[in-house]
Structure formats: structure tokens, C-alpha cells
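Here the structure comes first, spelled out in C-alpha cells, and everything after it is commentary.
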Amino acid sequence: MKIFEKSISETKMWTILGALSGGVFFIVLCGTSVINPLEYEWIFNRSEIDALIPFFGWLFYEQTPWEISFFSTYDTTYPYECSIVFQDIIVPAAVLCRLLFARLIPSGCVTQYLGIWGMLCYILQGMFAGAAVAGVMCENRIVGIWLRLAGLALFITSPPMIQRLFDHNSLTAHWLILAGICLFLYRNSFKR
């Protein structure tokens, strides 16, 4: 078996297939209502109380005026400011969603971004998994394809990722590890 021989077009195909597979798996697992920013009831049906902390932190952060601070809330520790880092909020996603929701959703609506974050994590997990498994080759082409599909399925259906999706959303970014692995695997491509 030859490990990590790849062509650019085949790598792109497996990367796209992985991203689509990750998105489809998330929708099968969670449904489509969780990615609606106005649907938040599903957050209260979780098994752990820890899962509510990022949502409540988001609610305080979303309602804090921009003039007070860009990365702080005021109401949670009144009369002091509290950084959103201490409220288990996914900072880049929260800031981006706050900017977007302020323009797209009428004020006064309760919103959430945790479902969007979860879907994005699954899409990126599949994308980087597809890029990582694209290099697995075998003398028998059919066996090589099955090995890649098995590797892709293993990364996307990872039980720790599924468990963290429902209990600790901020720990769902397993794709960061795969991105680092892909940087290592494709390091020679960057020199060209």
C-alpha cells in the first residue's frame, strides 16, 4: 500500500465530498431547525446544564451596547464588565454573528449561533478529513476508495465530537487538529 500519493484534482474532489458529507451528517443528526438563528428551544433540551452557559453568555453579550465594550458584557457581573471569554462563548463566532444578526434580524429577537457553529464545525471536519484521506492509495483502486470512505466516515462520525456538540459546543472544533495534520501532509505543496 502506498501512503499519501495524491493528485490535486483528486484531493479537491475528496475535500468537497468530505465537506458535503459533514454537512449532511450534521443535518441527519440534528435537523435543520438548529441552524435557524431564531430557533433556540433545542438548547434547553440538552442533558447538561453546562450546555446552557454559552447560550446565556451569548444573550448577555448580544444585548450589551457596543459603546460599553466590544468583547465584554456588563449585565452578568453588574456593576463590572466581564470578558466573553469567561462565559464559554466561542469568541470569533459570537462577534461575527453579532455583527451579522444586528443587520439581518430585527432587534428584540432572541437569537442563537450554536447550531450554525456546530454545522460549520462538521463541514470543516469533513473538508479537512477529505483532504487528509485523499492521499491514501492502494494498488487496487477500489480498495483505496473504500479505505478513504472508511477514514472519512470515521472522522465525521467521531463519538467525542457528537457528544461535545450537545454538551460543550466550544469543544467541537476538532477540525483545527485535522487542519494542522493537513498542513503537515501538504507541506511540500506550499514550497511550489
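All values below come from the heavy atoms of this structure, side chains included, with hydrogens, waters and symmetry mates left out.
Looking at Leu152 and Ser21, their side chains come closer than 4.5 Å, going by heavy atoms from C-beta outward. At a threshold of 4.5 Å between non-hydrogen side-chain atoms, the residues Leu149 and Leu17 count as touching.
Between the CG atom of Leu38 and the OG atom of Ser33 there is a distance of 12.0 Å, given to the nearest 0.5 Å. Rounding to the nearest 0.5 Å places CD1 of Ile156 at 12.0 Å from CG of Leu29. Separating the NE2 atom in His174 from the CG atom in Leu165 is a distance of 10.0 Å, to the nearest 0.5 Å.
Within 6.0 Å of CZ on Phe184 lie no more than 12 heavy atoms contributed by other residues, nucleotides or ligands. Heavy-atom neighbours of Tyr40 OH from other residues, nucleotides or ligands within 6.0 Å: at or below the threshold of 12.
Panel note: side chain Arg148, backbone Ala134; a donor-acceptor pair is recorded below 3.5 Å. One N or O on the side chain of Arg98 and one on the backbone of Tyr61 form a donor-acceptor pair closer than 3.5 Å. Using modelled atom types, no side-chain atom of Gln112 and backbone atom of Ile35 make a donor-acceptor pair closer than 3.5 Å. Between the Gln125 side chain and the Gly22 main chain, no donor and acceptor come within less than 3.5 Å of each other.
Annotation: Phe44 is in aromatic contact with Phe55 [ring centroid separation under 6.0 Å].
When each of Thr73, Ile89, Ile84 is paired with Phe60, the side chain to side chain contact (heavy atoms under 4.5 Å, CB included) condition holds for Thr73 and for no other.
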